[in-house]
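These notes are about the structure you will find just below.
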2 protein chains.
Amino acid sequence: MSKAANTRTMILTKAFELIYKQGYQATSIDNILATTQVTKGAFFYHFKNKDEMGLAMINEIIYPGMYATLVKPLLDSKDPINEIHEMMRNVLLKVPFLRAKYGCPAVNLIEEMSPLNEDFKIALLKLTDQWQDAIKESINQGKASKEIRADVNPGYVACFVVAGYSGIRNMGKAAGSSCYNIYLQELKNYLKQLA
Amino acid sequence: MSKAANTRTMILTKAFELIYKQGYQATSIDNILATTQVTKGAFFYHFKNKDEMGLAMINEIIYPGMYATLVKPLLDSKDPINEIHEMMRNVLLKVPFLRAKYGCPAVNLIEEMSPLNEDFKIALLKLTDQWQDAIKESINQGKASKEIRADVNPGYVACFVVAGYSGIRNMGKAAGSSCYNIYLQELKNYLKQLA
DNA sequence: TGTTTAACATACTAATTAGTATTTAAAAAT
DNA sequence: ATTTTTAAATACTAATTAGTATGTTAAACA
């Protein structure tokens, strides 16, 4: 990686960390700069303004991370019920960077930025749509192999599962991670009913 | 209502509206004052600082509203499955003040303020706890009348339902209100499985 | 009726904000 | 080697922020 590309990545990585914990608007450019060796000149050389940096962060940091954790494990699903549940278990309990107190970076940004900025909304919708598509496709494969009832609507299931995740991430910010296990248990009951 | 009490209520009401749409930190005191006839002197006479106003808003505006819509309809439940579903239908589709784009005021505040301010977290946790207790009690009554299976864990169901609500409110901010109907359908499938 | 206190009103401050203007150094190209 | 362009460093600005200091008026009380 060239030195310039490295500077850019440093900005996005540190911005991601701070915005995850503090929120987008509460994280100032000066705050990002103070915790890196990057100067204001470098920041505005790489990004036209704060929002362009924020969008780059979504597309270049959050999107790849969520694809690896949430989408990839569901491609070529043989056992959708268990694989969806396991994927959820992994993201809630096994990703070390994510802390209950701070919730999910993408969910946080949807909450804060969707109503305020159309570009953010579009970029974030792309994330959740990809995830829902992966779940939907997984359920469809389960229908093909008769492990899922024929009358199940895969898109509806995907919507319900993603909403459940967003919600438990929200709840966990106030109530702590103990609710994750409760959620996983009831998610299993919901998923079993699809068979 | 005395003139002073009226001033206080005006501040809280307008703050609630603005914070609902913009977020807590993004709503400045000057912003609240500019859209009322209240002056800065009056504001700081009634509230020691912005956070005290925010807490008063949660306790005096949000809490009573949520109690009436979410808790009261579940007291003395004869048919928990349908009553919980109907309560959810009401809050998602029938409360005119709430718009999909802006989500739920309480959920928004949990997302934004829980990790940043312990007092906010405690005040907000009181809201969700009350709601969960009402759902739990409703399920318990259903177990007593044998309409709910004996092995169902009422606290778990309450957690799952509240998380689902938070999540669909989050999703609706980016995806619009059409996802509400999908959620309600799948919530019904989940609830039916409790019988 | 006079005095006190509650309820504001106005003008200010110090800190922080996103963003700009200008300069400088390091790479790349010629 | 010299020019040019990329990448960055430094110093600034205008706007906005929460909160304060100091006044003023209206209501309650003695």
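Below, chain A is the first sequence line, B the second, and so on; all start at residue 1.
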Nucleotide nearest B:I29 (side chain, heavy atoms from C-beta), chosen from C:dA18, D:dG19, C:dC8: D:dG19
Measuring centre to centre across the rings, with the benzene-like ring taken for any Trp, is B:F160 within less than 6.0 Å of A:Y190? no
When you measure from the side-chain N and O atoms of A:Y45 to the phosphate of D:dA8, is any distance below 4.0 Å, counting only OP1 and OP2? no
Rounded to the nearest 0.5 Å, what's the gap from CG on B:L92 to OH on B:Y180? Could you check? 6.0 Å
Are B:Y20 and B:F97 close enough that their ring centers fall under 6.0 Å? yes
Tell me: CG of A:D30 to P of D:dC12, nearest whole Å? 15 Å
So if I take every side-chain heavy atom of A:A42 and compare against D:dA11, C:dT10, D:dA8, which nucleotide ends up nearest? D:dA8
Expressed in angstrom and rounded to an integer, what is the separation of A:F43 atom CZ from D:dT6 atom C1'? 18 Å
So what does B:N49 touch, heavy atoms closer than 4.0 Å: a base, only the sugar-phosphate, or nothing? sugar-phosphate
Between B:F43 and B:F47 (judged by ring centroids, cut-off 6.0 Å), do the two rings come close enough to count as a pair? yes
Please determine if a side-chain N or O atom of A:H46 lies less than 4.0 Å away from the OP1 or OP2 oxygen of D:dA7. no
Just to be sure I understand the rule, does B:T39 reach a base, reach only the sugar-phosphate, or reach nothing, if contact means heavy atoms closer than 4.0 Å? base
Please report the distance, rounded to the nearest Å, between CZ in A:F44 and P in D:dT6. 20 Å
Roughly, in whole Å, what's the span from NZ in A:K48 to C1' in C:dA18? 14 Å
Look at A:T7 and D:dA8 and indicate whether a side-chain polar atom (N or O) is within less than 4.0 Å of OP1 or OP2. yes
May I have the distance from B:F47 (atom CZ) to D:dT20 (atom C1'), rounded to whole angstrom? 18 Å
Can you measure A:M53 atom CE to C:dG19 atom P for me and round it to whole angstrom units? 10 Å
Nucleotide nearest B:K50 when distance is taken to its side chain, options D:dG19, C:dA6, C:dT20: D:dG19
Please report the distance, rounded to the nearest Å, between NZ in B:K40 and P in C:dA11. 13 Å
Should A:S28 be listed as having a side-chain N or O under 4.0 Å from OP1 or OP2 of C:dT17? yes
By nearest-heavy-atom nucleotide on DNA chain C, the more 5' of A:G41 and A:T27 is A:T27
Rounded to whole Å, how long is the line connecting atom CD1 of B:I32 with atom P of D:dT16? 16 Å
How close do B:E111 and B:P115 get, heavy atom to heavy atom, and via which atoms? O-CD, 3.9 Å
